[in-house]
Structure formats: C-alpha cells, structure tokens
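Structure first, commentary second.
The first residue of the sequence shown is numbered 1, and numbering continues consecutively from there. Hydrogens, waters and symmetry mates are skipped; everything else that's a heavy atom, side chains included, is used.
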Amino acid sequence: QVQLVESGGGLVQAGDSLRLSCAASGRTFSNYRMGWFRQAPGKEREFVAEVSRSGRSTYYADSVKGRFTISRDTAKTTVYLQMNSLKPDDTAVYYCAASMAVVPVTHPSDFGSWGQGTQVTVSS
C-alpha cells in the first residue's frame with residue numbers, strides 16, 4: 001500500500017481559499033488514481049474529487065464543481081485540492097485516498113489507502 005499524509009487544513013471564513021496537499025510514499029505514485037473525500041460530523045464520508053493516473057482526467061462532486069480543483073505532481077508524489085469560494089457546508093475532515101482502479105471511481109470502498117485526514121472549518 002501507499003502511505004498518505006494530508007496537510008493544509010485550517011480555519012477560514014466563507015469565501016476564502018485553501019489548498020490541501022497529500023504526500024504519498026511507499027509505492028509507485030503513478031500507479032494510483034487519487035481522490036479526496038470529506039466527512040462532516042454525523043455524516044457519511046463523501047466523494048469530493050478524483051484524478052487519473054496521468055492527471056489528465058478529473059472528476060468532481062456536483063457540490064464542489066467549479067470551486068475545487070484536484071491536481072497531482074508526479075515528481076513530488078503529491079496530490080492537491082485547491083478549494084476556492086469556501087462555504088460553511090464545506091466544513092469537514094478531508095481525506096486523501098489512493099485507488100488501483102483502472103476506471104474512475106467515487107466510492108470509498110474503491111480506495112485501498114487512506115490518509116489520516118485534515119480538518120477544514122469554514123466560518124460564516
């Protein structure tokens with residue numbers, strides 16, 4: 001499995017931006033599709049965004065489309081989530097995940113490696 005460590009979370013105001021990072025180690029980074037999920041208190045973990053192995057294809061939840069951007073840097077073995085126009089509803093723990101799937105996937109069960117998460121809190 002690949003090891004994942006997220007960073008970049010914090011407390012911001014509505015309308016602000018944050019960039020989350022997820023550093024991968026242990027396995028060949030380019031073998032994995034990478035995703036971001038989030039989980040708010042009392043809610044199930046939900047899909048946010050996913051990027052293909054090459055980085056050329058990306059997929060987003062409708063709730064973040066147009067505001068969030070996922071990208072990856074193969075040389076740095078890091079995946080990013082740029083979050084703009086943040087809303088209080090975006091408040092959650094954000095998790096980075098890696099999948100060996102060969103097609104786009106959005107369910108948590110399709111991802112075999114997870115980071116420990118980073119807290120994002122958006123105040124109104």
Side-chain angles (χ1 to χ4, degrees):
Q1 289 186 338
V2 61
Q3 287 75 50
L4 304 172
V5 179
E6 302 97 335
S7 61
L11 172 63
V12 297
Q13 293 187 331
D16 285 351
S17 297
L18 272 178
R19 188 177 80 156
L20 305 183
S21 299
C22 172
S25 62
R27 294 293 186 192
T28 303
F29 181 65
S30 59
N31 287 346
Y32 294 87
R33 306 183 71 91
M34 300 299 297
W36 285 97
F37 289 77
R38 67 186 181 186
Q39 189 166 17
K43 295 187 177 181
E44 293 186 352
R45 191 166 298 189
E46 65 171 356
F47 170 76
V48 174
E50 193 235 33
V51 61
S52 63
R53 289 178 173 83
S54 67
R56 289 193 289 267
S57 298
T58 57
Y59 307 89
Y60 298 94
D62 288 343
S63 58
V64 307
K65 203 170 293 183
R67 299 188 298 123
F68 290 12
T69 302
I70 188 172
S71 61
R72 63 191 297 162
D73 186 327
T74 299
K76 296 182 178 179
T77 64
T78 299
V79 62
Y80 303 98
L81 185 68
Q82 177 67 43
M83 305 186 294
N84 299 330
S85 303
L86 282 162
K87 306 175 182 179
D89 284 350
D90 295 319
T91 296
V93 177
Y94 282 71
Y95 297 90
C96 175
S99 172
M100 294 291 289
V102 296
V103 296
V105 286
T106 62
H107 196 277
S109 64
D110 293 315
F111 291 77
S113 299
W114 292 84
Q116 292 187 324
T118 185
Q119 177 71 47
V120 172
T121 303
V122 185
S123 64
S124 58

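- Closest approach of Ala98 to Met34, counting heavy atoms only: CB-SD, 3.6 Å.
- Under the 3.5 Å distance criterion, the side-chain polar atoms of Thr121 are left unmatched by any main-chain donor or acceptor of Leu11.
- Side-chain atoms of Arg53 come within 3.5 Å of backbone N or O of Met100 as a donor-acceptor pair.
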> Hey, mind stepping through Phe37 and Trp114 against ring pair (Phe, Tyr, Trp, His ring centres under 6.0 Å) and telling me if it holds?
Replying inline: CA-CA 10 Å; Phe37 289 77; Trp114 292 84; 5.0 Å; yes
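- Annotation: the span from Ser25 atom OG to Gln3 atom CD amounts to 5.0 Å, rounded to 0.5 Å.
- By the 4.0 Å N-to-carboxylate-O rule, Asp90 lies close enough to Arg38 to be salt-bridged with it.
- With rounding to the nearest 0.5 angstrom, the CG atom of Leu18 is 9.5 Å from the CG atom of Asn84.
- In terms of modelled atom types and a separation under 3.5 Å, the side chain of Thr91 and the main chain of Val122 share a donor-acceptor contact.
- Atom CZ of Arg27 has 12 or fewer heavy atoms from other residues, nucleotides or ligands within 6.0 Å.
- Although no hydrogens or angles enter the test, the distance criterion places a donor-acceptor pair under 3.5 Å between the side chain of Thr118 and the main chain of Gly9.
- The existence of a salt bridge linking Lys65 and Asp62 is confirmed by a sub-4.0 Å separation between a basic side-chain nitrogen and an acidic carboxylate oxygen.
- Judged by a 6.0 Å distance limit and a 45° cone about the ring axis, Arg72 is not positioned over the six-membered ring of Tyr80.
- Linking Ile, Leu, Val, Met, Phe, Trp and Tyr whenever their side-chain heavy atoms come within less than 4.5 Å leaves Phe111 and Ile70 in two separate clusters.
- There is no path of hydrophobic side-chain contacts, each under 4.5 Å, that joins Tyr95 to Val79.
- Note that OG of Ser123 and CG of Leu86 are 10.5 Å apart. Values are rounded to the nearest 0.5 Å.
- Closest approach of Tyr60 to Ala49, counting heavy atoms only: CD2-CB, 3.6 Å.
- Looking at Thr78 and Asp73, their side chains never bring a donor and an acceptor atom within 3.5 Å of each other.
- Atom CD of residue Glu6 and atom OH of residue Tyr94 lie 12.5 Å apart, to the nearest 0.5 angstrom.
- Put simply, the side chain of Ser99 gets close to the backbone of Ala101: a donor and an acceptor are under 3.5 Å apart.
- The hydrophobic cluster containing Leu20 also contains Val12, counting ILVMFWY residues as joined when their side-chain heavy atoms lie under 4.5 angstrom apart, directly or transitively.
- With hydrogens and angles ignored, the 3.5 Å screen pairs a side-chain donor or acceptor of Glu50 with a backbone N or O of Val105.
- Annotation: the span from Leu4 atom CG to Gln116 atom CD amounts to 10.5 Å, rounded to 0.5 Å.
- Atoms OG and CD, from Ser113 and Gln1 in turn, are 4.0 Å apart once rounded to the nearest 0.5 Å.
- Ser124 approaches Pro88 most closely through the heavy-atom pair CB-CG, 3.8 Å.
- The disulfide (SG to SG under 2.5 Å) pairs that include a residue from residues 2-108 are Cys22-Cys96, where partners are two or more places apart or lie in different chains.
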